[in-house]
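Residue numbers begin at 1 in each chain, while the letters A, B, ... track the order of the sequences. Since we're looking at a predicted model, the values are computed, not measured.
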Amino acid sequence: MLEIQRLRTDKESVIEGLKKRHFDASEIVENVLSKDEEWRAEKAKLEEVASKMNQISKQIGILFKEGKQQEANEAKAQTSVLKVQEGELKEKVDVLQNDITELMYQLPNVPNQLVKAGKSELDNETIFEAGEAPNFDFKPMPHWEITDKFNLIDFELGVKITGAGFPMYIGKGAKLQRALIAFFLDEAEKAGYIEHQAPLVVNEASAMGTGQLPDKEGQMYYMPVDDLYLIPTAEVPLTNIYRDVILPNDDFSIKITGYTPCFRREAGSYGKDVRGLNRLHQFDKVEIVRVEHPDNSEAALEEMMEHVKSLLEKLGLQYRVLRLCGGDTGFAAAMTYDFEVYSAAQEKWLEVSSVSRFDTFQSTRLKLRFKNADKKSQLCHTLNGSALALPRIVASLLENHQIENGVEIPSCLHKYLNFERI
RNA sequence: GGAGAAUUGGCAGAGUGGUCGAAUGCACUGGUCUUGAAAACCAGCGUACCGCAAGGUACCGGGGGUUCGAAUCCCUCAUUCUCCGCCA
């Protein structure tokens, strides 16, 4: 959520900024501001009435103590009118407050200066490329043929047990998952992130805190009996650690990581895009999350980028980094870098990581603050990124490192495995 | 799953209808004293919103209710602890 303060003082920058998303905010902004003005006016009235009521009540207390029953009862009579007024004003104020919040929820984050205007993924900028495409002297197989041939993943079994999008990893396939998770966590730890093992199920307040609710409800699996949600990413439990937190000073840099399965209902995709590991309802991911002083979030984003780059380089994968354009940047993000690896057999780029800065967009909802030098509470900045999401990494590892009759496992994973090739 | 008890400021803990946003202690911050430290003493010390300010309003686990007035009474939900049951 944007800070309403920002709309009050600088609505132009918000409206201008959101144009980069092809989002016309002017109507919502004006609406918010007029309701905000009304809200403040009504609230002032309400507080005045409340103040009177408090005074009279105090008076009554004193009168009773002094035994002046009659005067007390007369005072009581005065309150009935005020009470009705108070009720009406409270109602008005609440309605206005809710309207404003609802409108504010509709506004996406304002893109960072560096973000270019654009409508879709076609307008994303490639800002970095590394690695080389493998050279095959045979026809490379797509990963779903490899997993089938070497019995690494049984997609049909997943269908039998759960449904489409819930693969069953078997033997070396399962071990490879475990190795990647361990590798990613170890690398994150080396980079200073503290490992967390988080709940996979969260309550409504947490889903609100990171912005999955109210807009993206359909993305999550929901369990109505207990009113709980399956996490779509570790970002939710990890970032919510800091919901309603005020850090005691301005000297902090919080770096945490965690592996979790992620559950996504998704919708509306078909054919090649969902083939094999390309798109799943359940997948594994190691996430990195940071809480930073506003002055440091830019540097933090760069640092996270370097971390993800180093992972892909150690895995020996060809990749590129995109800076997403306004239209493709997620609702809550101010800037996002997507990492894509080249899938040699499918001949396309697969997104394996997304690293974003949210500035104060999440911390507004989370109420995540720190005490600045003046001892005032100030909103923190949050960032997060995948480091990394497994399925597409597995897909491209298998495809890009395949040999005539098998797959070479990159050396960085050897210590986690009791085999070096499949 | 059953029975009982509890939930108050950073922590501990008082407060069972009326100047209670809340005693007291500890912690913390500033000051006095001291060569320095400790001790002692003095002062300050929650969050948010509205307001230029003075100030006002709201918050005693969450939500709702009773009342002129609620930390205090009632309902409801959540959490924690104790006992019993079940269990990886």
Side-chain angles (χ1 to χ4, degrees), chain A residues 1-9 32-104 197-209 213-214 222-229 237 240-252 254 360 362-380:
Chain A
M1 191 160 62
L2 292 173
E3 295 161 73
I4 193 157
Q5 194 57 37
R6 183 164 174 190
L7 295 191
R8 285 185 196 147
T9 57
V32 166
L33 289 176
S34 82
K35 293 220 182 222
D36 181 53
E37 209 167 303
E38 200 184 339
W39 173 78
R40 279 186 283 177
E42 294 301 319
K43 191 163 182 214
K45 286 188 212 162
L46 170 64
E47 290 185 355
E48 202 180 312
V49 173
S51 179
K52 268 187 205 157
M53 283 284 280
N54 287 344
Q55 266 178 27
I56 294 173
S57 295
K58 255 179 206 175
Q59 225 18 264
I60 292 174
I62 294 167
L63 290 173
F64 270 123
K65 239 178 204 168
E66 292 171 348
K68 297 176 180 165
Q69 298 282 336
Q70 193 165 344
E71 284 176 54
N73 284 324
E74 278 164 24
K76 266 196 203 181
Q78 289 179 46
T79 61
S80 57
V81 183
L82 287 175
K83 230 189 165 181
V84 173
Q85 272 182 28
E86 192 181 24
E88 285 170 357
L89 285 167
K90 188 150 194 333
E91 174 75 21
K92 263 194 204 170
V93 168
D94 284 351
V95 168
L96 283 166
Q97 176 69 70
N98 283 339
D99 288 354
I100 291 168
T101 308
E102 230 160 81
L103 287 167
M104 291 301 287
Q197 206 168 82
L200 307 181
V201 168
V202 295
N203 57 29
E204 189 185 333
S206 295
M208 276 284 192
L213 293 178
Y222 174 54
M223 293 168 282
V225 180
D226 298 296
D227 200 17
L228 295 170
Y229 298 84
N240 271 284
I241 294 171
Y242 295 96
R243 172 153 47 85
D244 287 319
V245 166
I246 300 178
L247 300 167
N249 56 54
D250 62 0
D251 179 25
F252 63 92
I254 293 166
T360 60
Q362 287 186 323
S363 50
T364 308
R365 274 202 217 183
L366 288 165
K367 298 198 179 71
L368 164 54
R369 292 157 292 177
F370 67 96
K371 290 280 189 196
N372 65 20
D374 302 328
K375 299 279 177 213
K376 295 266 188 218
S377 301
Q378 192 181 332
L379 291 166
C380 300

Does the salt bridge (Lys or Arg N to Asp or Glu O under 4.0 Å) test come out yes or no for A:Arg40 and A:Glu37, once each step is laid out? CA-CA 5 Å; A:Arg40 279 186 283 177; A:Glu37 209 167 303; 5.5 Å; no

Test A:Gln362 against A:Leu368 for side-chain contact (heavy atoms from CB on, under 4.5 Å), laying out the working first. CA-CA 8 Å; A:Gln362 287 186 323; A:Leu368 164 54; over 6 Å; no

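Across all strands, A:Lys45 comes closer than 4.0 Å to no nucleic acid atom at all (heavy-atom distances). Within 4.0 Å of A:Ser80, counting heavy atoms only, lies no atom of the nucleic acid at all. At a threshold of 4.0 angstrom between heavy atoms, the contacts of A:Ser57 include nucleobase atoms, whether or not backbone atoms are also involved. Within the nucleic acid shown, A:Ile56 has no heavy atom closer than 4.0 Å to any nucleic acid atom. Counting non-hydrogen atoms under 4.0 angstrom, A:Asn73 reaches nothing in the nucleic acid.
With the nearest nucleotide of RNA chain B identified for both A:Ile60 and A:Ile246, A:Ile246 has the one nearer the 5' end. Where A:Glu47 and A:Ala75 meet RNA chain B, the nucleotide closest to each residue was compared, and A:Glu47 sits on the side nearer the 5' end.
In this structure, A:Lys83 reaches the B:G69 phosphate: one of its side-chain N or O atoms is under 4.0 Å from OP1 or OP2. The side chain of A:Arg8 contributes an N or O atom lying less than 4.0 Å from OP1 or OP2 of B:C50. One finds no side-chain N or O of A:Arg40 lying less than 4.0 angstrom from the OP1 or OP2 phosphate oxygen of B:C49. At B:G69, none of the side-chain N or O atoms of A:Asn54 fall inside 4.0 Å of OP1 or OP2 (strictly under the cut-off). Listed pair A:Arg369 / B:A48 meets the phosphate criterion, a side-chain N or O lying under 4.0 Å from OP1 or OP2. Contact annotation: A:Ser51 reaches the phosphate of B:U57 (side-chain N/O to OP1 or OP2, under 4.0 Å). The phosphate of B:U47 has OP1 or OP2 within less than 4.0 Å of a side-chain N or O from A:Lys371.
B:G1: Watson-Crick or G-U partner is B:C84, with both key distances under 3.5 Å. Using the Watson-Crick or G-U wobble rule with both distances under 3.5 Å, B:C73 pairs with B:G65.
Relative to the side chain of A:Phe64, the nucleotides B:G18, B:U19, B:A58 differ in distance, and B:G18 lies closest. If you check B:U57, B:C68, B:U47 against the side chain of A:Ala50, the one that comes closest is B:U57. The A:Lys43 side chain lies nearest to B:C49 when the options are B:C49, B:A58, B:U47.
Using a 4.0 Å cut-off between charged nitrogen and carboxylate oxygen, A:Glu86 and A:Lys83 do not count as a salt-bridge pair. Comment: A:Glu88 does not engage A:Lys92 in a salt bridge, judged by the lack of any side-chain N to carboxylate O separation of less than 4.0 angstrom.
In terms of heavy-atom proximity, A:Ile246 sits nearest to A:Ser377 at CD1-OG, 4.2 Å.
Distance check on atom C1': B:U82 versus B:U76 gives 24 Å, rounded to whole Å. Spacing of P atoms, B:G4 relative to B:C20, comes out at 36 Å, to the nearest Å.
There is no side-chain donor-acceptor pair under 3.5 Å between A:Asn203 and A:Tyr229.
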